[in-house]
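Taking it in order: structure first as structure tokens, then the write-up.
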Amino acid sequence: MDKDLIDLTSELIRRRSITPEDSGCQEILCQHLKKCDFEIEDFPFADVKNFWAKRQGSDPNAAVFLFAGHTDVVPPGPENLWRFPPFDPVLEDGHLFGRGAADMKGSLAAMIIATERFTEKYPDHAGSIAFLITSDEEGPFINGTVRVVEALMERAERVDFCLVGEPSSSVHVGDTIKNGRRGSLSGSLHVNGHQGHVAYPDTSSNAIHLALPALDELAETIWDNGNDDFPSSSFQITSFESGSAENIIPGEARVKFNFRFSTEQTTDSLQQQVDTVLDNHQLDYELAWKLSGEPFLTKSGPLISATLECIEEVCGFQSQLSTAGGTSDGRFISKMSHELIELGPINKTIHKIDECVSVSDLSQLTDIYQLLLEKLIR
Ligand SMILES: [Zn+2]
């Protein structure tokens, strides 16, 4: 019964589409969409492949539902550690193994099959269905979704509801709907001291000793307590480099850190607080910032209500809303879509050796996606 779903997922896994390569995945998706009378527009930027596809509904005023996702995958790591070759999908014990099975070629297949079934059942559906697919989600996110969204917003393309197929589920498929994400802000700090001979500390100034108390204060700070929608903001030091030889007092220290932040903070408020701590410790420093994404949130509305109903119908339980986890392309699309959620397979094996997805989960996900179309744009 799920042969079409397994075949399409396997066909996608077989393509070695490591970011920013698409390796023909989008061609496969477009072939299916063309058969369902979608109009397809390619949006290539530099080495990244993207496309936008739309099937116009019969009522031009009815809602537009967007499926969004990515065809690229992270590298497999040492291939000899995999049970099966990572780009040669194998079905065993009801699980399909391969790089991208859960993140997110399985979801792409589920979106396509759900769309095929829906359009066959309701060829004159009122609302419109769209797809926005990129080959640069796992990479630098410069020429992917962010640029397509810019182009679409310029021509005032309408999107009411967006579902991103990122693997949101934790124990059972459908148990978690991501309705927002925390912001992500990185800092690169350079602390200056004064290099010298380790035997003569009086004439030098140890950059590690200077940096540590300030870093300790940053690490111990409670930034906020979160709110109803977000967990508290967190600060993590991600790298610390200094020193050259055991008889030299280091004259500089390089530190990298990252904030995942709630809507209780802004980029400005975090930057100011960090500056204050560093200044209070009288450090001589340079600090460069990189913002990966502001926090975003979809409050309760038709999309979330419909999704909760669909999951209850298909899976028989009440799903949870969550804003935890890493960033995704949702942060870009949320600028043009009234409501946006992420709903996909279990994320236990993503980016790992032996990534896999349960076929029955994918089948349920397809049913949920199809039901959502039926509830929102039929
Ligand atoms: Zn992903």
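Both counts, for ligands and for their atoms, begin at 1 and track the order of listing. Quantities reported herein were computed from a predicted structural model and do not represent experimental measurements.
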Problem set entry | N/O donor-acceptor pair under 3.5 Å between S186 side chain and N258 backbone |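 Between the backbone of N258 and the side chain of S186 there is no qualifying donor-acceptor contact (under 3.5 Å).
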Exercise. Is the Zn ion (ligand 1) less than 2.8 Å from at least one N/O/S atom of E137?
Worked result: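 It does not: E137 brings no N, O or S atom closer than 2.8 Å to the Zn ion (ligand 1).
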Exercise. Of all the atoms in D103, is at least one N, O or S atom closer to the Zn ion (ligand 1) than 2.8 Å?
Worked result: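 Yes, D103 qualifies, because one of its backbone or side-chain N, O or S atoms lies under 2.8 Å.
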For this session: Assign the ring pair F131 / F38 to parallel, tilted or perpendicular, where the plane angle (0 to 90°) is split at 30° and 60°.
Result: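 The arrangement is perpendicular - the two ring planes meet at more than 60°.
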Exercise. Can you tell me the N, O or S atom of E166 that's nearest the Zn ion (ligand 1)?
Worked result: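 Going by distance to the Zn ion (ligand 1), the closest N, O or S atom in E166 is OE1.
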Exercise. Given side chains that start at C-beta, do those of R117 and E374 come closer than 4.5 Å, heavy atoms only?
Worked result: no
Problem set entry | With E355 via side chain to side chain donor-acceptor pair (under 3.5 Å) - residues at least two apart |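 For E355, the residues satisfying side chain to side chain donor-acceptor pair (under 3.5 Å) (neighbours in sequence not counted) are R99.
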